[in-house]
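Below you'll find the structure, written out as structure tokens, and then a few comments.
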Amino acid sequence: MKKAISFVIRYIPRPILQTVSPMVMKVLSQLNKGNEVECPVCKNQYKKFLPYGRIARENALCPSCLALERHRLMWLFLQEKTDFFTGKLKVLHVAPEHCFIERFEALPNLNYITADIESPLAKVKMDVHSIQFPENTFDVVFCNHVLEHVDDDILACSEFNRVLKPNGWGILQSPVYNLEKTIEDKSITDPAERERLFGQRDHVRKFGKDYAQRLRKSGLKMEENLFVKELPAEKVKRFALAPDETIFVCRKGN
Ligand SMILES: [Zn+2]
């Protein structure tokens, strides 16, 4: 089972995975019924979540809404630390995650725009290097697990900074490794070599502990938020969160 999931994640393109997987997951969710863990996104309870990842980690993927640890944490953060569910906000969501789209679209307080260069899940076709919206357009920008794929992560962030309103904020998650400095080499295009160096066949860099500092070059203000540390241990276990995950919150800067 773990091996099969690793294989699927590695070789089947994500857009296809996102379209097909809900049907498969429905069957899997029936097999995991229980009440040991709870998904804050879809509110379903299970014996445990499904394994997920290239080196499959246990208790990660919600079989109902496909939320992972990071999605469950982001949902709780939005609920407890922001006015996302109540404020009148214009939101740009780049490469929207399956578990969030319908739920955010249904929020009456939001003017919610999904955008991506290729994902069939997004409504607007958009290149993060050249965003077609005028400056000071959005109250909130989300762009998760994108910046490790794009040609110029700093340029993309300066575009987010431009389109954010003066009090605008966002969340910019990426895989961050235990390296002092981000590794990047744009001359490497071979997928196998990219996987060896950057962790995945379509990654063009591997972010290190300088992630927030690096993104500040774009003009954005970056905060390394450890919201998960404020949560009681029972909640971290109940929602199956990653106990050390940092949320990278950005705010419009200069
Ligand atoms: Zn769920």
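Start at 1 with the first residue, then count along the sequence. In listed order, ligands and their atoms are each counted from 1.
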Centroid-centroid distance, Phe84 to Phe77, less than 6.0 Å: no
Show me the donor-acceptor pairs, under 3.5 Å and distance only, between side chains in residues 34-41 and residues at least two apart or in other chains.
unit_1 : atom_1 : unit_2 : atom_2 : d
Glu38  : OE1    : Arg238 : NE     : 3.2
Glu38  : OE1    : Arg238 : NH2    : 3.3

Could Arg70 and Glu245 be called an ion pair, given the rule that one side-chain N must be under 4.0 Å from one carboxylate O? no
salt_bridge(Lys237, Glu234) N-O dist < 4.0 Å: no
Output every pair passing salt bridge (charged side-chain N to carboxylate O under 4.0 Å, His left out) with a member in residues 142-160, not counting sequence neighbours, ordered by first then second residue. Asp153-Arg205, Asp153-Arg214, Glu159-Arg162
Residue pairs passing the salt bridge (charged side-chain N to carboxylate O under 4.0 Å, His left out) test with at least one member in residues 71-86, sequence neighbours excluded, are Glu80-Lys235, Lys81-Glu230
Under 2.8 Å from the Zn ion (ligand 1), protein N/O/S atom count? 4
